[in-house]
Structures are given as C-alpha cells and as structure tokens.
Amino acid sequence: MTATAAVEPLAAAKPATMAQALTRALRDAMAADPAVHVLGEDVGTLGGVFRVTDGLAAEFGPDRCTDTPLAEAGILGTAVGMAMYGLRPVVEMQFDAFAYPAFEQLVSHVSRMRNRTRGALPLPITVRIPYGGGIGGVEHHSDSSEAYYMATPGLHVLTPATVADAYGLLRAAIASDDPVVFLEPKRLYWAKDSWNPEDPPAVEPVGRAVVRRAGTSATLLTYGPSLPVCLEAAEAAREEGWDLEVVDLRSLVPFDDDTVCASVRRTGRAVVVHESSGYGGPGGEIAARVTERCFHHLEAPVLRVAGFDIPYPPPMLERHHLPGVDRVLDAVARLQWEADN
Amino acid sequence: MTATAAVEPLAAAKPATMAQALTRALRDAMAADPAVHVLGEDVGTLGGVFRVTDGLAAEFGPDRCTDTPLAEAGILGTAVGMAMYGLRPVVEMQFDAFAYPAFEQLVSHVSRMRNRTRGALPLPITVRIPYGGGIGGVEHHSDSSEAYYMATPGLHVLTPATVADAYGLLRAAIASDDPVVFLEPKRLYWAKDSWNPEDPPAVEPVGRAVVRRAGTSATLLTYGPSLPVCLEAAEAAREEGWDLEVVDLRSLVPFDDDTVCASVRRTGRAVVVHESSGYGGPGGEIAARVTERCFHHLEAPVLRVAGFDIPYPPPMLERHHLPGVDRVLDAVARLQWEADN
Amino acid sequence: MTVMEQRGAYRPAPPPAWRPRTDPAPLLPDAAPYRVLGTEAVAGADPLLLLRLYRQLVRGRRYNTQATALTKQGRLAVYPSSTGQEACQVAAALALEERDWLFPSYRDTLAAVARGLDPVEALTLLRGDWHTGYDPREHRIAPLSTPLTTQLPHAVGLAHAARLQGDDVVALALVGDGGTSEGDFHEALNFAAVWQAPVVFLVQNNGFAISVPLARQTAAPSLAHKAVGYGMPGRLVDQNDAAAVHEVLAAAVRHARVGGGPTLVEAVTYRIDAHTNADDATRYRTAAEVEAWRAHDPIALLEGELTARGLLDEDGVRAAREDAEALAADLRTRLNQDPVLDPMDLFAHVYAGPTPQLREQRALLRAELEAEDADGEGTSS
Amino acid sequence: MTVMEQRGAYRPAPPPAWRPRTDPAPLLPDAAPYRVLGTEAVAGADPLLLLRLYRQLVRGRRYNTQATALTKQGRLAVYPSSTGQEACQVAAALALEERDWLFPSYRDTLAAVARGLDPVEALTLLRGDWHTGYDPREHRIAPLSTPLTTQLPHAVGLAHAARLQGDDVVALALVGDGGTSEGDFHEALNFAAVWQAPVVFLVQNNGFAISVPLARQTAAPSLAHKAVGYGMPGRLVDQNDAAAVHEVLAAAVRHARVGGGPTLVEAVTYRIDAHTNADDATRYRTAAEVEAWRAHDPIALLEGELTARGLLDEDGVRAAREDAEALAADLRTRLNQDPVLDPMDLFAHVYAGPTPQLREQRALLRAELEAEDADGEGTSS
Ligand SMILES: Cc1ncc(C[n+]2csc(CCOP(=O)(O)OP(=O)(O)O)c2C)c(N)n1
Ligand SMILES: Cc1ncc(C[n+]2csc(CCOP(=O)(O)OP(=O)(O)O)c2C)c(N)n1
Ligand SMILES: [Mg+2]
Ligand SMILES: [Mg+2]
C-alpha cells in the first residue's frame with residue numbers, strides 16, 4: 001500500500017484546519033487503496049456534519065463513501081462484515097454519545113474477532129468518533145468516552161491534538177490491521193496550523209507519545225482537546241517559576257510508557273489533564289502506571305485534573321466543567337514544592 | 001417502606017448460597033413495596049438462568065415478575081418508562097456481555113435522567129448483572145464490565161462478595177432512589193455461608209467498604225469474585241511473615257475513601273486485586289486515588305493484580321487469566337520490603 | 001435413543017396445526033395517505049375542532065419563525081424547526097387528554113407548546129441553560145430526546161406501568177423517518193405489541209434524516225407497513241392535513257385507551273427548513289422540491305377549507321395572527337434576557353444526595369469561583 | 001416571511017403525489033407454512049436431492065445425540081442441541097454454493113458440519129479450548145455467534161462487500177425466533193433491503209427462546225410478516241419438511257445471487273431438547289407438547305416419503321445409519337482426547353503484533369508457569 005498516489009492538492013490548504021487534514025487523510029487513503037470504504041450517517045452528499053468527509057462521495061462515488069441508514073450498530077456491524085470480506089472500512093459515528101448504540105458490536109466483535117479466530121479474521125476497521133466538549137453542544141453532543149474504549153482489550157485508541165497528527169495518525173489508523181477507535185477532538189476541528197498537504201509527514205507509528213514542550217519542573221500528561229490548555233498553562237507557569245514539560249500521549253492504547261516515564265523520572269512530578277470525568281477515567285490508569293514505574297522518582301503523588309464526575313453540563317455551564325489553565329496551575333501548585341526547599 | 005412483611009421462610013436456608021440470599025432480597029423487596037417489579041429474559045417461569053428470580057412469578061404474578069421479549073435495550077428502556085411512572089424496576093441482564101445492547105439506555109438515560117430534570121424524574125432502577133469468570137463459560141459469558149459502569153457518572157455500582165452482603169446490598173440497591181448497577185459475581189452464586197434469612201441484617205448503607213481481615217503488613221483492596229482469593233492469599237502470606245489486611249470495597253461508586261485510606265495509611269502498602277483487565281480497569285482509579293491521598297504513608301507504589309489485557313479466554317485457559325493466590329502473593333512480595341530492613 | 005433406533009415404532013404425523021397469531025389484513029395501511037381536507041370526509045369534521053387546529057397552526061408557524069430568528073441572533077444554541085410539520089405537532093397535542101403523556105424528540109418543542117407548556121421552558125435544552133426546562137411529571141411531557149428513538153421504549157414502559165396500575169393513560173411518542181432505522185424503534189414496537197401497551201407511535205416522515213432521503217433509509221412500501229410485523233395496525237396519513245392527522249391520532253388514542261393496544265401512524269410531510277440552523281440543505285436538495293411542498297402548506301390548506309365553508313373570516317384570521325404575535329413577542333422578550341445560572345447546579349442533581357467525591361468537587365469549584373470573584377473585585381476597585 | 005404574511009399570494013395545492021415505494025402484495029407470506037412432503041409439490045422434487053437430504057438428516061441427528069452424550073460426560077462445556085431442527089440445518093448448508101457464506105449462531109454447528117466442516121473444529125467453542133476452531137475464510141463460515149443476532153449485520157456487510165467487488169456471493173444468516181426481537185435483527189434487515197444486498201435471513205422458529213414461548217416474543221401474524229416492513233419478501237415454511245426448506249432457501253439464494261435482494265424466511269419447527277444441557281425444560285413446557293412435535297419428526301417425514309416412493313430401502317437406511325455411526329465414532333474418539341493447549345496463545349492474537357504491555361504480561365505468565373513446572377519437578381523428583 002503506497003501513500004503516494006496522485007491526488008489534487010487541497011484548495012487553500014496552508015494554514016490548514018484539523019478537519020481539512022482529516023479529509024485529506026481519508027482522501028489519500030482512499031486513493032492509495034481501493035479497499036478503503038467510508039460509511040456513516042450523512043457522510044456522502046453532505047460530507048458529514050463536521051464536513052470531514054467532504055468531497056469523498058463526489059470523488060470516489062457513493063459505493064466508496066456511503067450514506068447509511070440511521071443505525072449505528074448496523075453501521076459498525078455491516079463494517080465488520082465488509083472487513084471480513086477484505087475491505088478496510090472507515091466508519092463515522094456522528095457524535096460521541098451516538099456511538100453507544102454500537103457498543104456491543106465494538107466490544108463483543110470488533111475488539112475480539114482477530115483473537116477469536118487465532119488471527120484468521122483480522123478486522124482493519126477505523127471508527128472515527130468526534131468527541132469532547134467546548135463547542136456549545138446541547139446534551140449528548142459533548143461526551144468524552146475514551147475510558148470505555150481504553151478498557152476494551154483488542155482496540156487501539158488514538159487521538160490527535162495537532163493538524164499534522166490528525167493526518168498522520170488517521171493514515172496510520174487506516175493502515176493498521178487492527179481495529180482503531182479514532183477520537184477526534186471536536187473543539188480542535190477548526191484549529192489551524194501551518195501544514196503542507198503537498199508533503200504530508202510520514203505516517204506516524206501507532207503507540208508513541210511525544211514531548212510537545214520540554215521542561216524541568218514537572219510533567220503535564222495530556223492528549224487531544226486538553227493539549228492546547230496544557231501548553232497555555234505551561235506558558236503561564238513560567239511566571240510562577242515553573243518550567244513545565246508537556247507530553248501529548250496521542251495513543252491511549254497502546255500506551256507509551258517509555259516516553260512518559262522518561263519525562264516523569266526527569267521532572268519528578270506529574271499532573272494528568274483530561275476533559276473526561278475523573279473517576280474511572282483515563283487519568284487513573286495513567287497515574288497508577290506512572291506511579292508503579294517511577295515511584296522513587298516522585299516528589300509528590302501524580303495528580304489529576306479532569307472533568308467533574310457529573311453528566312456533561314449544558315452549554316451555558318460547560319466552562320465550569322472543563323479543565324482550564326487555572327485548574328491546571330492549581331494542581332501544579334499542589335505538587336508539594338515545599339519539599340524542594 | 002418496611003422490610004418486615006410476612007413471608008414464608010426459604011426452604012433449607014442455612015447455610016444459604018449467595019443466589020438464595022439474592023432471591024430472598026428480591027422477594028422481601030417485592031413484598032414490602034408493590035412498586036418493585038422484576039423484568040428480564042427468562043426471569044418468570046424459569047426463574048432466571050441462575051435461578052435468582054425463582055418463585056417470584058409464582059408468588060407475585062407475571063405482571064410483577066415479567067418474562068420480556070429478548071432485547072436488552074428494550075428491557076432497560078421500558079424500565080425507564082416504568083420508573084417515570086413511579087415504579088421501581090429491577091432489571092436482570094442475563095450475562096455481563098448481554099448488557100452491552102442496553103449501553104446507550106444506561107449511559108444516555110438511566111444515569112442522567114435525574115440530573116437532566118433537576119431532580120424531577122429520579123430513576124430508582126436496579127440493573128442486576130451476573131459478571132466475571134471462573135465458571136467455565138464459553139465466549140461472552142465471563143466479562144468483567146465494571147470499568148464501563150464506574151466511568152459513567154450518575155450510576156451507583158455495587159458488588160457483593162458475601163452471602164449477607166448479597167442480601168443487604170441488593171435491598172439497599174432497590175431501596176435507593178438512584179439507579180444502581182448491581183454486579184453479581186457468577187462464581188460466588190453457589191458459595192455458601194451460614195446466614196439466617198429469618199433475621200436478615202439491616203439494609204447496608206450504600207458506599208461503605210469493610211475490612212474483612214485485619215492485618216498490619218499491607219492492604220489488599222478487592223471486591224466481588226476476588227475477595228475469597230485475597231482472603232486465601234492472606235492466610236498463605238502468614239507463612240511468609242506477612243500479616244495482610246483485606247478490604248472488601250463493595251461499593252465501586254461511590255467510593256469509600258475513608259475506610260480504604262485509613263487501612264493503607266496504617267499498613268503503608270497496598271495491592272489492588274480484581275479479575276477485570278488491568279489496563280483502564282478499576283484498579284487504576286483505586287491505585288491513583290489511594291496514592292493521591294496516602295502518598296507520604298506509602299513504602300511502595302500501590303500495585304495491581306488484574307486480569308490480563310486480553311479478551312476473556314476460553315474455559316480451558318481461564319485459570320491462567322484469573323488472578324489467583326500465587327499472583328497476589330507475588331505482587332505482595334514486590335512491595336519493596338527491603339526498605340524496611 | 002435416536003429416531004433411527006426407534007424407527008420401527010415411529011409413525012410420521014402432520015405438523016401441529018399452524019395458524020397466524022392474528023389476522024394480518026386489518027393491520028395493513030391503506031394504499032395512500034388518509035386525507036380529510038379537500039375530500040368528502042371533511043363533512044364529518046367538527047368545525048370547532050378545525051378552528052382550534054387552525055389557530056394552533058398559525059401560532060405554531062409563528063413560534064417556528066421566531067425561534068429560528070432568535071437562534072440567528074445567538075439566543076438559542078440550536079433550533080430544529082418544525083416549519084411545514086405544524087399540523088402533526090398540533091394534532092398530536094390536541095389528540096391527548098390531560099392525563100396522557102407525550103414523548104417528544106428534539107424537533108417536537110411545538111407539540112409541547114401546543115399542549116400548553118411555557119415555550120421558554122420547552123426551549124431550555126436548545127437555549128442551553130439546562131437540559132430539561134420543565135417538570136415532566138407535572139406536564140406529562142417526557143424530556144426532549146436527543147439520542148434518536150431512545151424515548152420510544154420509555155413511552156412503552158410508562159404506558160405499560162400505567163395500565164398495570166389501572167390508570168387509563170395513553171402515551172404518544174414522536175419519531176422521525178430516519179429514527180425508524182434504529183434498533184430501539186424495533187424493540188419498542190415489539191414490546192408494545194406483546195404487552196398490548198396503550199401507546200401510539202407517530203412517525204413524522206418529513207422525507208429526510210438530516211441529508212439522507214427516505215429512499216436511502218428504507219425500501220419498505222411505506223413506514224406504516226412495518227406495523228404488521230409487530231402485530232399492530234399501521235396507518236398512513238397526510239401530515240399536512242391537520243384534520244386527518246387529528247382524526248387518525250384521536251382514533252388510535254381511543255383504541256389504546258380501551259385496551260386495544262398500540263398503533264403505528266406514519267404521517268407523510270416534508271421538512272421545509274434545513275435540519276437545524278447549523279445545516280446547509282442546499283447541499284442535498286433542490287429549491288424546486290421545497291417549493292412543491294410549500295404549495296401544500298398545512299395552514300393554507302386548512303385556511304382554504306375554513307374560508308370556503310364560511311367558518312373563518314378576516315376577523316378570525318386577524319385574531320389568530322394577533323394571538324401568534326403575542327406568543328412571539330413574549331418569546332422575544334424573555335429569551336432576550338440572559339438566564340440566571342448557578343454553577344453549583346452542576347452537582348445538585350447527579351444523585352439524590354451528593355457523594356463524598358462530588359462534595360469535594362463542589363468545594364473546589366466554589367473556591368475557584370470565589371477566587372475569580374475576588375480577582376474581579378480586585379481588578380475593578 | 002411567514003405563510004400568514006404571504007397569505008394573499010398563497011394558493012393551497014394537493015400534496016405531491018404519493019405512491020408506495022414498492023408493491024406490498026408480493027412481499028407478504030402465504031397464510032400457512034409451505035410444505036412439500038405429503039403434498040402435491042413433492043412430485044416435482046429431485047429424488048437425488050431428497051436422498052442427499054435424508055442421509056444428512058440421519059447424520060445430523062446422530063451428531064446431535066453424540067454431542068449431547070459427550071457433554072454429559074464432561075467433554076463439551078455446553079451443547080445447544082438442534083435435535084428436531086436438523087432439516088433446517090441441513091437444507092441451509094445444501095442450499096449454498098461453495099463460494100457462499102454461512103453465518104451461524106451457537107445452535108447451528110450442524111449446519112457447519114453439513115457444509116463439510118470438521119465437527120471437532122465446529123465444536124471448539126463449545127468444548128472450550130478456543131473460541132473459533134476453524135478458519136472462517138477457508139470455509140466461508142463465520143464464527144458461531146453467541147451475542148444474539150449480532151451476526152446478521154455482519155452477513156449484510158459481507159454480502160454487500162462481495163457485490164461491490166463484483167462477486168456473485170450470497171450470505172445466509174441463521175437466527176432464532178427470540179433473536180427477532182433484538183435491535184440488530186431490525187437494523188440488519190433494513191440495511192440489507194436498502195442496499196439490496198444478497199442475503200438470506202433464515203429464522204428458525206423453534207417456539208422458544210430458552211423458556212420464553214413465541215407468544216411472549218411477538219404478537220405478529222407470523223415472523224415472516226416482518227419482511228414487508230423492510231421491503232423484502234417474507235416466506236413461511238414448515239421447517240421439519242427438509243424438501244420444502246431446501247426449495248424455499250434455494251429459491252431465495254438464487255434470487256439474491258442475481259441481484260434480487262434479500263429474503264426473510266421463517267421456518268416453523270420445535271426445539272425437541274432443552275435449550276442446552278444446562279437447561280431444565282420441564283420448568284416451562286409439558287411432555288405432551290414435546291411429544292406432539294416428535295410425531296412430526298423431520299427424518300421420519302422424509303423417510304416415509306422416500307420409502308413410499310421406492311427411493312429408499314432397508315439397505316439405504318442401513319447405509320445412512322452406518323455413515324452416521326462413523327461420524328459419531330470419530331467424534332467420540334477425538335473429543336475424548338484432551339486438547340493440547342498453550343497458555344501463551346492468550347497473548348498471540350489480541351493484536352497483529354504484541355503491545356509492550358502484552359509483552360510484559362506474557363513474560364509474567366511464562367515466569368509463573370516455569371515456576372510451577374519447577375515446583376512440579378521438585379515435588380516429583
Ligand atoms: C442515536 C443517534 N444517532 C444520531 C443522531 C444525530 N442526528 C440527529 S437528528 C438526525 C436525523 C434524524 O432524522 P429523522 O429521524 O428523520 O428526524 P428529523 O430530524 O427529520 O425530524 C441525526 C442523524 C442522534 N441524535 N442520535
Ligand atoms: C444479546 C444476547 N442476549 C441474551 C443472550 C442469552 N441467550 C442465549 S440463547 C437465548 C435464547 C435464544 O432464543 P432463540 O433466538 O429463539 O434461539 P434458540 O435458542 O431457540 O435457537 C438467550 C436469551 C445472548 N446470547 N445474547
Ligand atoms: Mg426526518
Ligand atoms: Mg428459539
């Protein structure tokens with residue numbers, strides 16, 4: 001499978017938004033491999049409610065980019081059958097909470113088919129799910145559901161936080177022979193970055209975290225929608241005399257213990273930051289495994305800054321729920337700096 | 001609501017099995033409150049595939065204990081409507097993995113209805129789910145799905161490990177005005193204990209852990225099917241010179257930080273033990289919150305002994321997957337005892 | 001012992017007699033949508049009811065245009081308009097008794113308003129100050145459901161519970177054409193039929209699920225043909241004909257109330273506006289198609305009929321219009337005020353009582369807000 | 001501008017013409033299950049096919065009794081018997097071409113065996129040494145599905161994919177009467193009809209879902225009546241009549257293969273044994289009911305027909321029986337051997353390559369097993 005098939009450049013593509021990079025990734029993947037099929041609600045004529053599949057039906061025809069009936073279990077279930085016949089379906093779930101009807105298919109089949117058949121039936125399915133809040137969405141349009149997918153062995157779980165990663169990780173997800181839950185941070189869809197679609201970076205290897213900002217005082221461990229918050233917090237922290245390192249996890253499954261632990265061993269302190277509710281959320285796993293591996297390097301317990309343990313709030317109240325710069329800095333302040341004096 | 005309505009004693013009820021105690025709890029709850037309705041697949045004439053609802057249809061009629069069509073989302077969805085009209089439905093999901101079709105109803109409605117309506121529509125629904133392995137079940141009959149429910153704000157999550165708790169916690173769940181996911185450890189259904197159904201213990205308050213075995217060297221934090229394993233491990237550990245404390249969490253939501261942290265502060269070391277897969281499982285949350293609260297009392301990182309990060313194995317291989325006494329003792333041995341010397 | 005082994009003794013018999021569990025013929029819908037206006041059936045319609053429907057339609061249309069305008073002004077987060085579908089919304093509300101329950105989806109705020117709910121309360125979800133703005137038990141209107149068709153099993157369960165309690169309450173549940181593809185639709189209809197629950201399922205077939213036309217949603221002769229597969233009657237009605245929709249719904253409600261069980265009604269209409277204000281309908285349909293349906297407008301249809309029969313004159317039209325304008329003015333005034341919000345509400349109703357964890361988190365937020373306030377005061381003074 | 005405001009210019013028009021998307025009449029099932037044996041239709045049946053079906057039925061019955069016996073001896077973890085339903089299992093297998101796919105549920109190992117799969121491989125899931133014991137692509141048999149009806153959308157997706165690739169492959173999916181209540185059943189049938197996918201859905205209506213009788217599962221005239229709601233033909237057939245089931249399935253497969261789209265077939269039968277060996281059927285049904293159905297046994301039915309027509313004699317019966325006994329003997333021999341298991345398989349196929357985390361866990365288990373071995377040797381030496 002080559003990524004070099006001739007495709008037209010995106011119009012006005014630099015600076016590009018994350019949504020544009022995702023579109024480009026789908027298009028390049030479809031051009032490179034006729035087995036790649038896109039399906040979901042409104043992905044065809046409309047180009048998806050976030051326009052991520054814009055133009056694909058026109059370019060590749062309705063059999064390659066298909067408007068399905070309105071039934072998420074049916075979408076993922078038929079994708080399983082398509083993958084059994086050798087296709088590489090890319091499924092769009094319209095919003096995070098609307099992926100729940102497909103939960104049984106995901107947990108009981110997608111995650112287990114390869115294992116069930118001793119490798120005879122791998123399912124190279126990518127499930128794209130726009131997730132998270134901060135866009136003023138009404139109820140059921142802002143869930144952070146990554147904890148459910150992390151707790152399901154057999155799935156990979158990826159989430160980009162930059163325009164370049166949106167392209168690279170989505171190409172990697174589609175190229176993977178394993179099923180991937182690909183979580184797209186809704187509030188970063190329109191975030192721009194200068195990015196050259198003519199020369200997209202190589203497909204990223206799945207499973208690698210990356211240090212987005214080097215620092216020495218403490219490590220912020222984060223991903224997806226919370227990366228910009230952490231980078232902003234790191235800037236603000238300089239005033240307080242803290243030089244924070246920021247690690248973008250990118251891959252929640254598999255987890256990059258090496259990169260994460262190298263950072264925390266260096267800094268001796270860490271805060272996990274995410275939008276998802278704290279209790280039973282990703283931060284518990286991350287804090288626990290970092291502590292298991294770096295206990296004697298830690299000056300303070302690994303702290304967590306997360307959404308509250310409540311149903312996602314209505315738009316007018318969501319800012320109180322979402323971890324912001326101040327909440328991150330408050331947590332950093334609680335990292336027992338006294339011990340240093 | 002009183003628990004003292006006149007009911008016939010269970011035949012041959014002491015020693016009683018956990019299944020019998022659960023049956024008794026359902027029966028007493030139904031006798032005490034006509035709003036309590038049981039529904040699910042095969043719960044009527046058959047008495048459920050585990051016989052937990054045995055005799056209820058005969059005693060209370062098919063309108064109080066109802067065989068539904070075979071559709072889990074429909075069962076939970078209609079239970080929501082029944083609760084909206086003032087009933088207290090107790091729903092049985094036949095096996096852990098067969099609760100997944102109801103996931104959307106659980107996450108998007110059951111957990112949120114009270115909050116959504118500012119308290120106007122509480123949903124006093126109990127969702128009973130037999131869970132976990134160790135009974136030689138074929139694929140999809142042995143999942144430990146508690147991580148999914150713990151990560152869903154608005155639900156309570158309870159799981160008994162003893163015959164007495166099976167009764168007390170189920171009565172408490174049904175009496176609760178909040179929705180409760182009630183996880184019944186399948187492999188303890190037939191575990192016996194001497195228990196007097198004539199004088200059932202008071203309904204337990206929801207949210208309290210309990211120390212099942214006092215000890216001083218380290219704390220084992222566990223629940224449900226892993227409690228007997230931990231108690232056995234604690235006995236075996238005496239040979240090695242460790243005096244282990246064993247805490248039965250019982251309530252995964254809400255979490256009893258007080259009891260747990262009091263124990264860990266006393267012992268200075270802890271291991272979390274559960275059957276559920278480790279990655280993204282309950283142990284991460286538990287280890288992380290204990291560490292946040294007890295950091296300076298810890299001689300070693302909180303370790304986790306859990307199922308592997310794999311789909312649940314076929315019956316002939318499950319013993320390799322399930323945390324057993326040896327695996328627990330190995331973890332205890334890794335609690336950095338050198339530091340003490 | 002296998003059959004082979006007992007072969008000598010074995011005598012084949014015919015199968016135990018088979019019979020259909022119920023006669024399918026009366027469950028099948030008519031060949032075309034039922035109409036009253038412009039047909040002979042109109043003679044039997046109650047003039048007072050027609051006038052009531054008319055006034056509600058006019059009000060409903062004005063409600064739609066006003067809510068849409070307020071959304072453009074940023075006063076609602078989103079608005080899924082029911083313009084063109086008012087007949088269905090209004091008839092659904094008027095077909096119910098006070099003790100009955102309505103189960104609306106996100107598009108059905110008008111049905112709730114026509115039932116008498118304060119429009120500002122009906123719009124709370126879409127304004128975004130809270131999820132549900134009213135007490136469902138007080139009004140017997142379930143929360144607007146966003147996850148499609150998940151409200152249908154709720155309606156069945158509620159109706160079933162009422163029947164078990166001996167109450168002759170009927171539940172009417174609204175769903176879109178797209179929603180009929182979801183598994184919950186199927187499960188709800190099946191439970192209702194098996195339990196003979198007093199529910200009426202009303203499919204507003206407006207031709208689209210966002211951008212997806214009906215032909216990509218189903219290959220069925222009509223959505224009403226699904227009913228026979230559950231053993232309940234299926235009815236097909238012209239949704240833009242308020243009299244017809246009301247008649248069909250009222251009959252289904254009566255049938256359910258006396259223990260006749262559920263009915264599936266498909267009302268054929270068209271979504272005149274885009275899916276919501278955020279949608280661009282020009283991407284997937286032509287203006288000509290929209291215009292063809294505008295010409296079959298439910299208000300004009302009824303107005304024409306009433307005028308022709310001398311039941312409506314200029315004064316009547318003016319009165320209806322004034323009533324609608326009053327509603328719109330009230331909506332403008334009240335929605336142009338910022339709602340008073342208390343961030344502590346985030347924690348107030350998650351459980352009956354707060355968990356220790358939520359108590360901690362509430363304290364954290366309170367401390368943050370106090371610090372913000374202090375900062376704010378510090379800056380301004 | 002509201003309609004009211006443009007009232008002067010407005011002229012009501014009739015609704016855009018409505019027509020059913022497809023003619024419902026041919027989609028409806030016959031009033032009673034289709035039969036061949038004992039009716040005039042039998043004259044048209046191919047004698048060679050009838051003999052083939054007969055031998056497979058005899059083999060299938062023996063397979064069922066042997067697997068049941070081995071389960072009692074602890075050699076299988078569980079066995080859901082298809083005794084009484086062999087006609088359906090066998091006809092499903094024989095109706096397919098080699099390139100077609102079969103989508104079985106947990107009760108349908110016999111269909112896989114009748115297709116030529118090694119019975120030991122078919123029984124792997126139920127024996128418990130692994131989940132799926134065969135390569136689905138090699139045999140074009142999907143893994144046995146335990147979560148009910150989840151395999152139906154898989155069948156639709158596979159058939160759709162094959163069609164998109166230009167292959168004339170048909171998928172036949174098996175489901176029980178209870179399964180028809182699940183949302184996945186609905187979604188799969190709808191996708192299949194909208195996509196005109198080459199799928200045949202075969203409902204084995206054996207009267208029960210574990211303990212729940214059909215009357216608590218549906219109120220429909222028949223399960224085949226569900227088809228019209230999706231716009232596909234529904235067929236009703238006597239499942240104990242192997243010739244009838246084969247004829248109906250073969251026709252549906254042909255129809256699907258040439259682009260005619262999906263068919264729903266309801267085959268009416270009865271589950272003679274308990275749900276599985278773990279079930280106690282006396283709790284929910286009478287022996288008399290079972291006996292009534294035993295008298296309509298599929299093997300005896302066919303045997304009677306073949307004998308009467310002189311197509312089968314004592315030798316033929318003996319040959320069929322010997323063939324069946326050979327299968328049973330092979331099953332006994334091989335299932336009585338303990339399978340060779342490698343615990344490291346737990347980690348081998350979770351992902352294409354092991355994650356760092358699984359590598360660690362594999363090392364842990366290996367160390368444990370080595371320690372066990374060392375202990376074991378220590379003890380024995
Ligand atoms: C379970 C679920 N999936 C997807 C969505 C996103 N969504 C909202 S409205 C809509 C289309 C609904 O179409 P239809 O049922 O015809 O109702 P209409 O909008 O036409 O009133 C979709 C796909 C949702 N709300 N819920
Ligand atoms: C989603 C799901 N729910 C529940 C079960 C448990 N279960 C196994 S078989 C069965 C009854 C199935 O009845 P039917 O579909 O009629 O098939 P039959 O067993 O009669 O062949 C049930 C409820 C399951 N396997 N999957
Ligand atoms: Mg619609
Ligand atoms: Mg059955």
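Quantities reported herein were computed from a predicted structural model and do not represent experimental measurements. Each chain gets a letter, A, B and so on, in the order its sequence line appears, and its residues count up from 1.
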C/Val203 backbone acceptor or donor facing C/Glu266 side chain under 3.5 Å: no
- request: Please look at D/Ala215 and chain C and tell me whether the side chain, the backbone, both or neither of the residue comes under 4.5 angstrom of a heavy atom of that chain.
  value: backbone
message: For the interface with chain C, which of D/Trp195, D/Phe185, D/Tyr230 has the highest count of heavy-atom pairs at distances below 4.5 Å?
response: D/Tyr230
query: What orientation do C/Tyr270 and C/Phe208 show, parallel under 30°, tilted 30 to 60°, or perpendicular over 60°?
result: perpendicular
- request: Considering only heavy atoms and a distance below 4.5 Å, find which of C/Leu27, C/Asp241, C/Thr218, C/Thr269 pairs most often with chain D.
  value: C/Thr218
field: Interchain contact, D/Asn240 with chain C, by part (heavy-atom threshold 4.5 Å)
entry: neither
query: Among C/Asp273, C/Thr68, C/Thr65, which one satisfies side chain to side chain donor-acceptor pair (under 3.5 Å) with C/Thr83?
result: C/Asp273
- request: Sequence neighbours left out, what passes salt bridge (charged side-chain N to carboxylate O under 4.0 Å, His left out) with C/Glu86? Give chain and number order.
  value: C/Arg61
- prompt: Just how far is it from atom CZ of D/Arg318 to atom CZ of D/Arg321, taken to the nearest 0.5 Å?
  reply: 9.0 Å
task: Give, as side chain, backbone, both or neither, the part of D/Leu189 having an atom under 4.5 angstrom from any heavy atom of chain C.
output: neither
message: Holding to salt bridge (charged side-chain N to carboxylate O under 4.0 Å, His left out), I want the full list of residues that pass it with D/Glu182, two or more places apart in sequence or in another chain.
response: none
query: Looking at D/Leu214, D/Leu28, D/Leu37, which makes the most heavy-atom pairs under 4.5 Å with chain C?
result: D/Leu214
- prompt: With a 4.5 angstrom heavy-atom cut-off, which part of D/Thr180 approaches chain C: side chain, backbone, both or neither?
  reply: backbone
